[in-house]
J.: 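Next up is a structure, given as structure tokens.
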Amino acid sequence: MYNPSRPKSWDDSNRSSRRNTLSSLTDLPKLNTNPDKNMHHHPGMMVDDHDAHMSRASTPALEAQDEKGKNLHGGVDIYDPNRPKLGFKQRLHHFTWAWYTLPMSTGGLALLIFAQPHQFPGLKSIGLVVYIINILIFVTISSMMVARFFIHSGDMSQSIKHPREGFFLPTFFLAVATLITSTDRYAIPRNDVGLVWAVSGAFWVYVIVTLVLAIGQYSYVFAAHSFGLNTMMPTWILPIFPIMLSGTIASVIAETQPQAAAVPIIVAGLSCQGLGFAVAVLMYAHMVGRLMQAGLPNREHRPGLFMCVGPPAFTALALIGMAKGLPKGIDTNMDGRFFDVGMIRTMAMISAIFLWSLSLWWFGIAVVAVVQSPPKYFHLGWWAMVFPNTGFILATISIGKELGNEGVLWFGTGLSICLVTMYFFVLFNNIKAFIKQDILYPGRDEDVEDH
């Protein structure tokens, strides 16, 4: 039923991301539309369709009712298969930061292959191929972003400040994090002192830059935007995600570093992981409040719920990894304080299991939401069904190894097979949408504020 008191959903607004979002279509023939159909006449009053739409909740019935009118952008139905096709430069205008979710997910897949508990001959060679492909993907996407900013002047500033696309800026740093960790796994010889120190240097640069990002981006959001609780999106967590992954990087590289470098890296990684998870917990409160107040998001945004799986999963993974990375020859009586590595590993395992359960809960919520109402059109947000779940599976495998439990390890292997299947499913739809111009098209990308 129509309920005017229900808050509007994520998908109830079709405001453009910037003034010239549809400038690429101004010279193209417009589809026939009825200019009067946006007004409904009732006895004694006239109600604008947009105002009426804003007050309604996101339900399948209402979404179907309003879908036709909402799809019109500049007189063009963006979901019409016969809509006008655009050239390369026009489509490049809509090449957003969200494209870095592709190398981010591919890098996570390379790490997952390396960490498999049940290896077979050639598996790590496959992982090496995935790692190389990921480098090529990252370079290609970075080149496209640079081309966008050169061809369309002003896009870089607008993309960072945009209330939706701006939240995807951290995916660039998340992709860099996967490159650092997978490089340490696949490309750094253990006896090459120079390269080992280079990885250490990359870690410290990453920590500094992502700390500036976490403080700077949230400071800008607090000052420049005003979001209601009913518009809460999981992407609000993204600015803190890169600094949080510093702990994950530390857990990977610490065991290959000399003792003088390993301990500071672990301490810094633990601090950054704690910061990231603490802020994520604050965001969880808003997310649950949003779900309780306004219900589940529009079907097109439901894959984004998987982002909530990431923080506790990567924190569990980092705690176990950093505890294992502590040097074996560390002083157990440091400055008069007892320092027992075995006890620390036990505490890390207990904490990891505790956090893993929270990650499992969010995973279940996201699965139910997506299965209940699957998205109809491809968005780059679909990659949220891959990368955060990679952390969940890696944490599962790490816990299984610490417990020495084959059942848990085989469960992690089964989840890995499911994730590889999901990766290729999303990749197939990504390529299909790119070819059919279902993305990189006005109104179809993250440069449109639709929440």
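What you are looking at is a predicted structure, and each value in this text was computed from that prediction instead of being measured.
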J.: Any side-chain heavy atom of V370 within less than 4.5 Å of one from P375?
T.: yes
J.: Closest heavy-atom contact between Q257 and V196?
T.: NE2-O, 3.0 Å
J.: If you define the side chain from C-beta out and look only at heavy atoms, does anything of N430 sit under 4.5 Å from W382?
T.: no
J.: To the nearest 0.5 Å, what is the distance between CZ on F387 and CE on M307?
T.: 11.0 Å
J.: Test W383 against Y423 for ring-ring contact (aromatic ring centres under 6.0 Å, His included), laying out the working first.
T.: CA-CA 8 Å; W383 286 109; Y423 176 88; 5.3 Å; yes
J.: If the threshold is 4.0 Å, N to carboxylate O, is there a salt bridge linking E300 and R444?
T.: no
J.: Which donor-acceptor pairs under 3.5 Å do side chains of residues 136-145 form with protein atoms, sequence neighbours excluded?
T.:
from : atom 1 : to   : atom 2 : distance (Å)
T140 : OG1    : L136 : O      : 2.8
S142 : OG     : Y100 : OH     : 2.9
S142 : OG     : F138 : O      : 2.9
S143 : OG     : V139 : O      : 2.8

J.: Side-chain polar contacts of residues 237-249 - donor-acceptor pairs under 3.5 angstrom, sequence neighbours left out - could you list them?
T.:
from : atom 1 : to   : atom 2 : distance (Å)
S246 : OG     : I243 : O      : 3.1

J.: Enter the distance from Y131:OH to I133:CD1 here, rounded to the nearest 0.5 Å.
T.: 13.0 Å
J.: Any side-chain heavy-atom pair from W99 and I439 closer than 4.5 angstrom?
T.: yes
J.: Roughly how far, to the nearest 0.5 Å, is the NE2 atom of H286 from the CE atom of M233?
T.: 13.5 Å
J.: Please report the closest heavy-atom contact between Q273 and A318, naming both atoms and the distance.
T.: OE1-CB, 3.4 Å
J.: Nearest 0.5 Å, what's the OG-CZ distance between S159 and R148?
T.: 5.0 Å
J.: Considering residues at least two apart in sequence or located in another chain, which fulfil the side chain to side chain donor-acceptor pair (under 3.5 Å) criterion with N429?
T.: none
J.: Looking at CZ of F425 and CG of L419, how far apart are the two atoms once the value is rounded to the nearest 0.5 Å?
T.: 13.5 Å
J.: Shortest non-hydrogen contact from T106 to V130?
T.: O-CG1, 3.7 Å
J.: After noting the C-alpha distance and the side-chain angles of L179 and I135, does the key distance pass the side-chain contact (heavy atoms from CB on, under 4.5 Å) rule?
T.: CA-CA 7 Å; L179 286 176; I135 294 176; 4.0 Å; yes
J.: Among all residues two or more places apart in sequence or in another chain, which pass the side-chain contact (heavy atoms from CB on, under 4.5 Å) test with S359?
T.: V309, P312, A313, F392
J.: Any side-chain to backbone donor/acceptor pair from D184 onto I180? Under 3.5 Å, distance only.
T.: no
J.: Is a side-chain N or O of T421 found less than 3.5 angstrom from the main chain of I417, in a donor-acceptor match?
T.: yes
J.: Any side-chain heavy atom of L270 sitting closer than 4.5 Å to one from L319?
T.: yes
J.: Does the side chain of M287 reach to within under 4.5 Å of the side chain of L291, using non-hydrogen atoms?
T.: yes
J.: What pairs with T178 under side chain to side chain donor-acceptor pair (under 3.5 Å), at least two apart in sequence or on another chain?
T.: none
J.: Heavy atoms, side chains only, cut-off 4.5 Å: are F434 and R91 in contact?
T.: yes
J.: Considering all heavy atoms of both residues, which atom of S105 and which atom of V386 are nearest to each other, and what is their separation?
T.: CB-CG1, 3.7 Å
J.: Can you name the residues that form a ring pair (Phe, Tyr, Trp, His ring centres under 6.0 Å) with F149, not counting sequence neighbours?
T.: W97
J.: Going by ring pair (Phe, Tyr, Trp, His ring centres under 6.0 Å), name the residues that satisfy it together with F428, two or more places apart in sequence or in a different chain.
T.: none
J.: Looking at residues at least two apart in the chain, or sitting in another chain, which of them share a ring pair (Phe, Tyr, Trp, His ring centres under 6.0 Å) with Y220?
T.: H225
J.: With a sphere of 6.0 Å drawn around OH of Y218, does it hold more than 12 non-hydrogen atoms of other residues, nucleotides or ligands?
T.: yes
J.: Are L86 and L440 close enough that some pair of their side-chain heavy atoms sits under 4.5 Å apart?
T.: no
J.: Any sub-3.5 Å donor-acceptor pair from R290's side-chain atoms to G295's backbone N or O?
T.: yes
J.: Can you tell if the side chain of R164 reaches within under 4.5 Å of the side chain of T235, non-hydrogen atoms only?
T.: no
J.: Verify, without hydrogens or angle tests, whether R302 (side chain) and P297 (backbone) share a donor-acceptor contact under 3.5 angstrom.
T.: yes
J.: Give a yes or no on whether the backbone of D155 and the side-chain of H93 come within a donor-acceptor separation of less than 3.5 Å.
T.: no
J.: Rounded to the nearest 0.5 Å, how far apart are CG of L355 and CG of L317?
T.: 11.5 Å
J.: Check W236 against M232 and note the closest heavy-atom contact, atom names and distance.
T.: CE3-SD, 2.8 Å
J.: For T96, check side chain to side chain donor-acceptor pair (under 3.5 Å) against everything at least two apart and list the hits.
T.: E446
J.: Compile the donor-acceptor pairs under 3.5 Å between side chains in residues 118-126 and protein atoms, sequence neighbours left out, one pair per line.
T.:
from : atom 1 : to   : atom 2 : distance (Å)
H118 : ND1    : T413 : OG1    : 2.9
H118 : NE2    : E406 : OE1    : 3.1
H118 : NE2    : W410 : NE1    : 3.4
Q119 : NE2    : I113 : O      : 3.3
Q119 : NE2    : F114 : O      : 3.4
Q119 : NE2    : Q116 : O      : 2.9

J.: Kindly determine whether L305 and L296 satisfy side-chain contact (heavy atoms from CB on, under 4.5 Å), including the steps that lead there.
T.: CA-CA 10 Å; L305 289 172; L296 289 168; 4.3 Å; yes
J.: Please list all pairs passing the ring pair (Phe, Tyr, Trp, His ring centres under 6.0 Å) test where one or both residues lie in residues 188-209, with sequence neighbours left out.
T.: none
J.: Where is the tightest heavy-atom contact between F306 and A384, given as atom of each residue plus distance?
T.: CB-O, 3.0 Å
J.: Holding to side-chain contact (heavy atoms from CB on, under 4.5 Å), I want the full list of residues that pass it with I215, two or more places apart in sequence or in another chain.
T.: L211, S219
